[in-house]
**Q** 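Okay, handing you the structure first.
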There are 2 protein chains.
Amino acid sequence: MNVELRARVCPVRRRGVELRAECERCAGQPAAGQSRYERGELLCLEGREATHVVPIISGFARELRTLPDGRTQALRLLQPGDIAGIEALHAPTYRSTVECVTRVRACRIAGAEVGEYVVEHNAVSRPLLRVVEEQAASLADGMVWLGQGSAEERVFAFLERLLQPYPRGSWVRVPLTRGEMGELLGLGLSTVSRTVHRLAAKKVLEVRGRSLRFLDRPE
Amino acid sequence: MNVELRARVCPVRRRGVELRAECERCAGQPAAGQSRYERGELLCLEGREATHVVPIISGFARELRTLPDGRTQALRLLQPGDIAGIEALHAPTYRSTVECVTRVRACRIAGAEVGEYVVEHNAVSRPLLRVVEEQAASLADGMVWLGQGSAEERVFAFLERLLQPYPRGSWVRVPLTRGEMGELLGLGLSTVSRTVHRLAAKKVLEVRGRSLRFLDRPE
DNA sequence: CGCACTTTTGAGGGTTTTCAAGTGCCGTGG
DNA sequence: CCACGGCACTTGAAAACCCTCAAAAGTGCG
């Protein structure tokens, strides 16, 4: 199979999830039904009517919840292939806010439309179930880190997973500010900064502004 | 509709999820295919081959993960109607351990069996999706508390949700030890104890051994 | 080139943990 | 029925960890 072609296939479809017939057009074509969003724009807003399911095609977004007093906790980082606002299938309102962290391309699909499509195309439901399960697994990972990990363990685990797709030792620019990382990890902005530099002091990684890279462990 | 009858309907089916044809027998009958478990027994074991989906009919269980060094974080409390080991539908191994906190009645259904049934009975997939989504939502709630809440907020929120089904002001025996609560809330055993008594000192609730009750707020 | 935002870094204080000892509850067995 | 033993719970003190507040330095975009 041609690698060039595979790379251009929609990341959602690549995971076996096909949300509607027209989605076929996504395969390398100029993006039927896709929208563009800038950093800071919202894909879903907590409490608002849940109208659309929003699969992410490219870029990063973060899902977050805000407490009545203004504190916010980020739940997970969404990457291409993840789906924002999947509660539009059942719930009347969105349960969390999804905010773009970088420029994002995403589809906007009416929840009802997905529902019908799932009923018609039986095969869709299982991959969809799988996506939601993976989402749950990702949240579970988050709980373990928040509940048991020290600041250093949380930061390390987060960065390790973020840089996983890139070759070891290469410089990668973290798309989140220290504050945003803190909201994901349940840490203060300054604690994140301090911890990153403590890891650098331990020769675990190297920092250069917002970019960093892991060093090979000596042992 | 007869209340007496409704009360005897399988709590899983009551949520619209029907996992197999024989499940009809569950409706008040002497429990075809149900198993009994004692406190401490495991319904799933992290890392083991994921063979069965285990809907809980009565009793409480808790889902937990263990880190390599022995620390454990509990993810959620499972109640009647919740489903343990749902990853048996897709994943090769269980992602977490589910341990009975009280005596438990549960079905054990082979994962493959559910898969076939879902494909045959199209209508099943949407309620099932809903259950998994609710599970994800519950984990998300957990993350918010772990990340942002103080010890007092976590304990209060946990107890409030646990006692929700019972009439306000009635004594309820908490089925978890302080240590088990701590593992759910990301707190030390002693912190839980201290915090419960601090809430009692603030006249929020009354403690009598392992039982407690909420007091009505004066304002 | 300048402004706005982000990051770094310091000091002090509060919350939670850890370690440890003592108390209470409950079921078992005599 | 009472005594005993084993958990679970309470409570104290000290220390570790992280947060808040705050100021200064760095970065990037217009």
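We name chains A, B, ... by the order of the sequence lines, and we start the count at 1 in each one. All values derive from a computational prediction rather than experimental measurement.
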**Q** Could you tell me the separation between the CG atom of A:Leu146 and the P atom of D:dC18, rounded to a whole number of Å?
**A**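 Those two atoms, CG and P, are 13 Å apart.
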**Q** When you measure from the side chain of B:Arg39 to the backbone N and O of B:Val101, does any donor-acceptor pair fall under 3.5 Å?
**A**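 Yes; judged by distance alone, with no hydrogens or angles, the pair exists.
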**Q** Whether A:Glu152 and A:Arg198 form a salt bridge (side-chain N of Lys/Arg under 4.0 Å from carboxylate O of Asp/Glu) is what I want to check.
**A**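 Looking at A:Arg198 and A:Glu152, the cut-off is met.
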**Q** With a 6.0 Å cut-off on the ring centroids, do B:Phe214 and B:Tyr166 count as close?
**A**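 They do not qualify: ring centres at least 6.0 Å apart.
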**Q** Whole-Å distance between D:dC9 C1' and B:Arg208 CZ?
**A**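 Computing the B:Arg208:CZ to D:dC9:C1' distance gives 17 Å.
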**Q** So how far off straight is the helix from C:dC1-D:dG30 to C:dG30-D:dC1, going by the axes through five pairs at either end, to 10°?
**A**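 End-to-end axis angle for the helix from C:dC1-D:dG30 to C:dG30-D:dC1: 40°, rounded to 10°.
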**Q** Is there a donor-acceptor pair closer than 3.5 Å between any side-chain N or O of A:Thr102 and the backbone N or O of A:Phe60?
**A**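 Flag set: sc A:Thr102 to bb A:Phe60 pair under 3.5 Å.
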**Q** Indicate for each nucleotide in nucleotides 2-17 of chain C, in 5' to 3' sequence, whether protein heavy atoms under 4.0 Å reach the base (B), only the sugar-phosphate (S), or nothing (-).
**A** ----SSBBBB----SB
**Q** Is the closest basic N to carboxylate O distance between B:Asp141 and B:Arg161 below 4.0 Å?
**A**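 Answer for the salt bridge query: no.
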**Q** With the side chain counted from C-beta on, respond yes when A:Arg62 and A:Met181 share a heavy-atom pair under 4.5 Å apart, and no when they do not.
**A**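 No, side chains not in contact.
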**Q** Which pairs count as salt bridge (Lys or Arg N to Asp or Glu O under 4.0 Å) when at least one residue sits in residues 82-92 of chain A, sequence neighbours excluded?
**A**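 Every salt bridge (Lys or Arg N to Asp or Glu O under 4.0 Å) pair that includes a residue of residues 82-92 of chain A, provided the two are not neighbours, is A:Arg15-A:Asp82.
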**Q** Quick one: which of A:Arg71, A:Glu183, A:Gln73 gives a side-chain hydrogen bond (donor to acceptor under 3.5 Å, both in side chains) with B:Gln148?
**A**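 It is A:Gln73; the other options fail the test.
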